[in-house]
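Have a look at the structure below before the remarks.
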Amino acid sequence: MSDQLPQIPARRRTLTLHSETEDALQVLKALASEPRLRVLKLLRDQVLNVSEIAKELKLPLSTANSHITILEEAGLVKTAHQPASHGRQRVCARVHDFVEVYLPRGLVPTGNLVEFSMPIGAYVDCSVISTCGLASYADMIGPFDDQASFYEPGRFQAQLLWFHHGYVEYRFPNRLPQTAVLHSLDFSMEVGSEAPLHHANWLSDVTLWINGVEIGTWTSPADFGGRRGLLTPQWWEEWNSQYGLLKVWQVNAEGSFVDGVKISPTTLNDLKLWDNVYISLRIGIKDDAHHVGGINIFGSRFGNYPQDLVLRCHYH
């Protein structure tokens, strides 16, 4: 408990949990309550004392205090005491805007971890066919449907990029020790199809290559819109693409997977990870794909998920 008045967070912050930990269990128990969810909603953009919360939610003061205590112990609310007209009052602020819980599928990776986050505009090579474009959090980067925009210096500020077919390629530093025994290599990204405006039924075959080796293809079901993405800036028109799906691609000794579903027999041994000082990731839509439905790739300040492209290498 702090005596300093809590402050409203200046920007969205995410609490990331792994489901097998005690912390995750405590947070999930705290969230498994309709009154506590109402408290968190009420505190979304303001600091209130417990009496104000109780009055607004029509709860007994003792009940409101109990719910606040559970939320504080779970790390979801921050409280402090400040002087009031009669003694002191307990004031409350919400800590997180997002709670992200990893639910393991199959064996949980153990051992050491190398992890990097790559801005979506930091690609080292590209070949894109319009419709195409890039947007930062504040504005467009170059004109719509102009392939030259993908070479603008401002591309490094991109928070959304899209194209009809082609690819973008990234290079992550290879920090794996020479003696490492690699168990899995994961890439995660927020991605969706690219349709005119947006479209709830717009299939697109998204293919991934690692170190030039084709990992496999996942079919995106839609160009998601109809409601604003949680992170999508207000200047971006609502009739445009708004968010994607968070997909996790994994390669291990058994093959290649998307969200735990096997998509190809390509294994870690096929990637020749120790041949280069970088690990390349190419994301694209093949010219001859069965569903050429384009692609949207979302950065940490666009869409629904506050992350860029993330590489994780699990090893012993």
Residues Glu56, Lys41: salt bridge by 4.0 Å N-O rule: no

Counting only N and O atoms by type, is there a donor-acceptor contact under 3.5 Å from the side chain of Gln159 to the main-chain atoms of Thr232? no

Separation between OH of Tyr123 and CD1 of Ile297, rounded to the nearest 0.5 Å: 10.0 Å

Shared hydrophobic cluster for Trp249 and Leu309 (ILVMFWY, side-chain gaps under 4.5 Å): yes

Checking Gln147 side chain against Val128 main chain: does a donor-acceptor pair fall under 3.5 Å? yes

If we ignore hydrogens and angles and just use 3.5 Å, is the side chain of Arg38 paired with the main-chain N or O of Leu57 as donor and acceptor? yes

Are any side-chain N or O atoms of Gln157 and backbone N or O atoms of Ser136, one a donor and one an acceptor, separated by less than 3.5 Å? no

Let me confirm one number: the NZ-CD1 distance from Lys58 to Ile53, rounded to the nearest 0.5 Å. 14.5 Å

Salt-bridge present (Glu72, Arg90; N to O < 4.0 Å): yes

Please answer: with hydrophobic residues joined when any side-chain heavy atoms are less than 4.5 Å apart, are Leu161 and Phe144 in the same cluster? no

Could you grab the distance from atom CG of Asp139 to atom CG of Leu134, nearest 0.5 Å is fine? 12.0 Å

Verify the neighbour count for atom NZ of Lys272: are there more than 12 heavy atoms of other residues, nucleotides or ligands below 6.0 Å? no

Between Asn296 and Trp162, is there a donor-acceptor pair closer than 3.5 Å when you use the side chain of the first and the backbone of the second? no

To the nearest 0.5 Å, tell me how far Asp97 CG sits from Leu230 CG. 9.5 Å

Give a yes or no on whether the backbone of Lys29 and the side-chain of Arg36 come within a donor-acceptor separation of less than 3.5 Å. yes

Sort out for me which residue in Gln307, Gln250, Lys247 forms a side chain to side chain donor-acceptor pair (under 3.5 Å) with Ser188. Gln307

Does the ring center of Phe172 lie less than 6.0 Å from the ring center of Phe187? yes

Check whether more than 12 heavy atoms from other residues, nucleotides or ligands sit under 6.0 Å from atom CD of Glu254, and answer yes or no. no

Is a side-chain donor or acceptor of Tyr170 paired with a backbone partner of Ile120 at a separation under 3.5 angstrom? yes

Rounded to the nearest 0.5 Å, what's the gap from CG on Leu271 to CD1 on Ile279? Could you check? 8.5 Å

Quick check against the 3.5 Å criterion: does Ser204 have a side-chain atom that pairs as donor or acceptor with the backbone of Gly293? yes

Say you draw a straight line from OG of Ser256 to CG of Leu185; how long is it, rounded to the nearest 0.5 Å? 9.5 Å

Quick one: does Asp308's side chain have a donor or acceptor within less than 3.5 Å of a partner on Met118's backbone? no

Is the backbone N or O of Val213 less than 3.5 Å from a side-chain atom of Asn211, with the two atoms forming a donor-acceptor pair by type? no

If we check ring pair (Phe, Tyr, Trp, His ring centres under 6.0 Å) with Phe302, which of these qualifies: Trp236, Tyr137, Tyr243? Trp236

Can you classify the ring geometry of His183 versus His316 as parallel (below 30°), tilted (30 to 60°) or perpendicular (above 60°)? perpendicular

Can you give each donor-acceptor pair under 3.5 Å made by side-chain atoms of residues 216-223, sequence neighbours left out, with the distance rounded to 0.1 Å?
from   : atom 1 : to     : atom 2 : distance (Å)
Thr217 : OG1    : Thr207 : OG1    : 2.7
Thr219 : OG1    : Asp205 : OD1    : 2.7
Ser220 : OG     : Ser193 : N      : 3.1
Ser220 : OG     : Ser193 : OG     : 2.8
Ser220 : OG     : Ala222 : O      : 3.3
Asp223 : OD1    : Ser241 : OG     : 2.7
Asp223 : OD2    : Ala195 : N      : 2.8
Asp223 : OD2    : Ser241 : OG     : 2.9

